Amino acid sequence: MSHDCLFCKIIKGEIPSQFLYDDDDLVVFKDINPAAPVHLLLVPKKHIRSMNDIQEGDGEIISKLFMVAKQMAKELDVDVSGYKLLFNVEKGGGQEIFHVHLHLIGGWNRRVEKVAE
Ligand code: 5GP
Ligand code: ZN
């Protein structure tokens, strides 16, 4: 764990934040500067710098990020209208906080109905 890491501080409660989801492995909170009506950050409690640094043993937590993303999308009613899941990787990929996190971005038009295949 890095003591200079903003997301580690949020996870430890050193910076007060409201979690929409919290378990032994990860937390979910709203992005402070949302790019859309719904913009969540899904953050593993383990400090991992970027997707370049995930190890074999991190597979379960990375997979769990996606499972919880699916659950949060449903809870916030963007599952049918659609959303984006995004990892920014390193500076050139737009990463600003060097603690792995998955963006869930959506909610532009929740009235959109399921499109036929
Ligand atoms: P990145 O660019 O690293 O993929 O995403 C970092 C995200 O964290 C950005 O979208 C930014 O708005 C968000 N962010 C930065 N500082 C804070 C903060 O203190 N609280 C919250 N909730 N989000 C933050
Ligand atoms: Zn961290």
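Just follow the structure's listing: the first ligand is 1, and inside any ligand the first atom is 1. For clarity, every value in this text was computed on a predicted model and none was experimentally measured. Side chains are part of it too, since the values below use all heavy atoms of this structure and drop only hydrogens, waters and symmetry mates.
- The ligand atoms of ligand 1 that sit less than 4.0 angstrom from a heavy atom of Phe7 are 8 (O).
- For the salt bridge (Lys or Arg N to Asp or Glu O under 4.0 Å) with Lys45, the qualifying choice from Asp25, Asp22, Asp58 is Asp22, the only one to do so.
- When each atom of ligand 1 is checked for a heavy atom of Gly94 under 4.0 Å away, the hits are 1 (P), 2 (O).
- The heavy atom nearest to atom 11 (C) of ligand 1, considering only Leu6, Asp31, Leu41, is found in Asp31.
- Atom CG of residue Leu20 and atom CG of residue Leu42 lie 9.5 Å apart, to the nearest 0.5 angstrom.
- Sorting the N, O or S atoms of His99 by how far they are from the Zn ion (ligand 2) puts ND1 first.
- Checking only distances, Ile10 never comes within under 3.5 Å of ligand 1, N or O to N or O.
- At a threshold of 4.5 Å between non-hydrogen side-chain atoms, the residues Leu40 and Leu76 count as touching.
- Residue-to-ligand polar distances keep Phe29 apart from ligand 1: every N/O pair is separated by 3.5 Å or more.
- Of all atoms in ligand 1, numbered sequentially from 1 with element shown, those under 4.0 Å from a heavy atom of Glu96 are 1 (P), 2 (O), 3 (O).
- Note that CZ of Phe98 is 12.5 Å distant from CG of Leu6, once rounded to the nearest 0.5 Å.
- For the atom pair OH of Tyr21 and CD of Gln71, the computed distance is 5.5 Å after rounding to the nearest 0.5 Å.
- Atoms of ligand 1 lying under 4.0 Å from any heavy atom of Asn88, numbered from 1 in the order shown and given with element: 1 (P), 2 (O), 4 (O).
- Taking the N/O/S atoms of His47 in turn, the shortest distance to the Zn ion (ligand 2) belongs to ND1.
- None of Leu26, Ile11, Ile10, Leu102 except one satisfies the side-chain contact (heavy atoms from CB on, under 4.5 Å) rule with Val43; the exception is Ile11.
- Atoms of ligand 1 found under 4.0 Å from any heavy atom of His101 (numbered from 1 in listed order, with element): 1 (P), 3 (O), 4 (O), 5 (O), 6 (C).
- The Asn33 neighbourhood of ligand 1 comprises atoms 12 (O), with distances under 4.0 Å to a heavy atom of that residue.
- For His103 and His101, the ring centers sit closer than 6.0 Å to each other.
- With a 4.0 Å heavy-atom cut-off, ligand 1 is reached by no atom of Phe87.
- For atom 22 (N) of ligand 1, the closest non-hydrogen atom of the protein is Lys30 O, 2.8 Å.
- Between Cys5 atom SG and Ile97 atom CD1 the span is 7.5 Å, to the nearest 0.5 Å.
- From the protein, the heavy atom lying nearest to atom 20 (N) of ligand 1 is Ile32 CB, 3.8 Å.
- Phe19 CZ to Lys30 NZ: the interatomic distance, rounded to the nearest 0.5 Å, is 14.0 Å.
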